[in-house]
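Convention: sequence-line order gives letters A, B, ...; per-chain numbering from 1. Quick caveat, the model's predicted, so the values are computed rather than measured.
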Amino acid sequence: MTEWPATPAEAIAVQEKLRGLVEPTDAGKTPRYVAGLDVAYDGDRLAAAVVVLDRETLAEVDRAVVNGVTTFPYVPGLFAFREVPALLAALEQLTITPELLVCDGHGIAHPRRFGLACHLGVLTKLPAIGAAKTTFVGTHRELAEERGAWAELVDGGEVVGAAVRTQDGVKPVYVSVGHRVRLETAIDHVLRLAPRYRLPETTRRADRACREGLLG
DNA sequence: GCGACAG
DNA sequence: ATCTTGTCGC
């Protein structure tokens, strides 16, 4: 990796330099191969997993899990610097190149509009979206209880993402643009990837894969 | 100045 | 992220 900071100040400078490269519009056709990415920790050790699913059937078509050690502390706003190196290593191990990255965290719904999903998208040039369990920045109106309901996530006067109800009566999932996908398309992907549970199937399977990778 | 703060 | 039992509901 060419661009890698050692301090929070340097990391922020990297984000400000790369943020202009984010493309918040749809590129390419509807993806067939969609990937879920996640990292699990045990002290200094970590395991990063990428699981590739067929968007239509949700069947797994490829996966890669890599073990490593933490190289950056968890700092709110700089989360990507902790996970990106291991996730890129896992992506390189894949046989099938995914056409969409579904990240466990935010895209532009970030203080500097450059969260994990933007970072991975820009570095790989692949379409990417963020699907997070909680908000980081922004507020939204209350949304209807039914699956499919959603509301804009607004921060500093701008729409940075959406709160999306993926199942009746569950807490919303926070979706945001990462790279090369517009918000409405990202919402559509998340709803299709979460036919039964609150979180997208991509996220659920990547979560299980990295936890297993931490053991064996 | 004091909290809050993706995972 | 991770530490952690039982419990309510389909």
Not counting sequence neighbours, list each pair that qualifies as a side chain to side chain donor-acceptor pair (under 3.5 Å) and has a residue in residues 65-87 of chain A.
A:Tyr41-A:Glu83

Listed once per pair and sorted, the side chain to side chain donor-acceptor pair (under 3.5 Å) pairs that draw on residues 10-21 of chain A, sequence neighbours left out
A:Glu3-A:Lys17, A:Gln15-A:Arg112

For Watson-Crick and G-U wobble pairs within 3.5 Å on both distances, what is DNA chain B written in dot-bracket notation, | included for inter-strand pairing?
.......

Taking the side chain as every heavy atom from C-beta outward, state whether A:Leu143 and A:Arg141 have any atom pair closer than 4.5 Å.
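In contact.
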
May I ask you to decide if the ring planes of A:Trp4 and A:Phe81 are parallel, tilted or perpendicular, using 30° and 60° as cut-offs?
tilted

Pi-cation contact, A:Tyr33 with A:Arg55 (under 6.0 Å, within 45°)
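Checked: cation-pi criterion not met.
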
Below 4.0 Å from chain A heavy atoms, what is the first contacting nucleotide of DNA chain C and what is the last?
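Contact boundaries, 5' end first: C:dA1 to C:dT2.
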
Just to verify, what does A:Phe114 make a ring pair (Phe, Tyr, Trp, His ring centres under 6.0 Å) with, not counting sequence neighbours?
A:His119

A:Asp38: side chain to side chain contact (heavy atoms under 4.5 Å, CB included) partners, not counting sequence neighbours
A:Asp104, A:Ala206, A:Asp207, A:Cys210

Residue list, side chain to side chain contact (heavy atoms under 4.5 Å, CB included) with A:Thr135, at least two apart or on another chain:
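With sequence neighbours excluded, A:Thr135 shows a side chain to side chain contact (heavy atoms under 4.5 Å, CB included) to A:Leu153, A:Tyr174, given in chain and number order.
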
Base versus backbone protein contacts along nucleotides 1-7 of chain B [heavy-atom cut-off under 4.0 Å; B, S, -]
----BBB

Given Watson-Crick or G-U pairs with both distances under 3.5 Å, what dot-bracket string fits DNA chain C, with | for other-strand pairs and [ ] for crossing?
..........

By salt bridge (Lys or Arg N to Asp or Glu O under 4.0 Å) - contacts of [X] (at least two apart):
X	value
A:Glu92	none
A:Arg147	none
A:Lys171	none

Under 3.5 Å: donor-acceptor pair, side chain of A:Arg165, backbone of A:Val170
yes

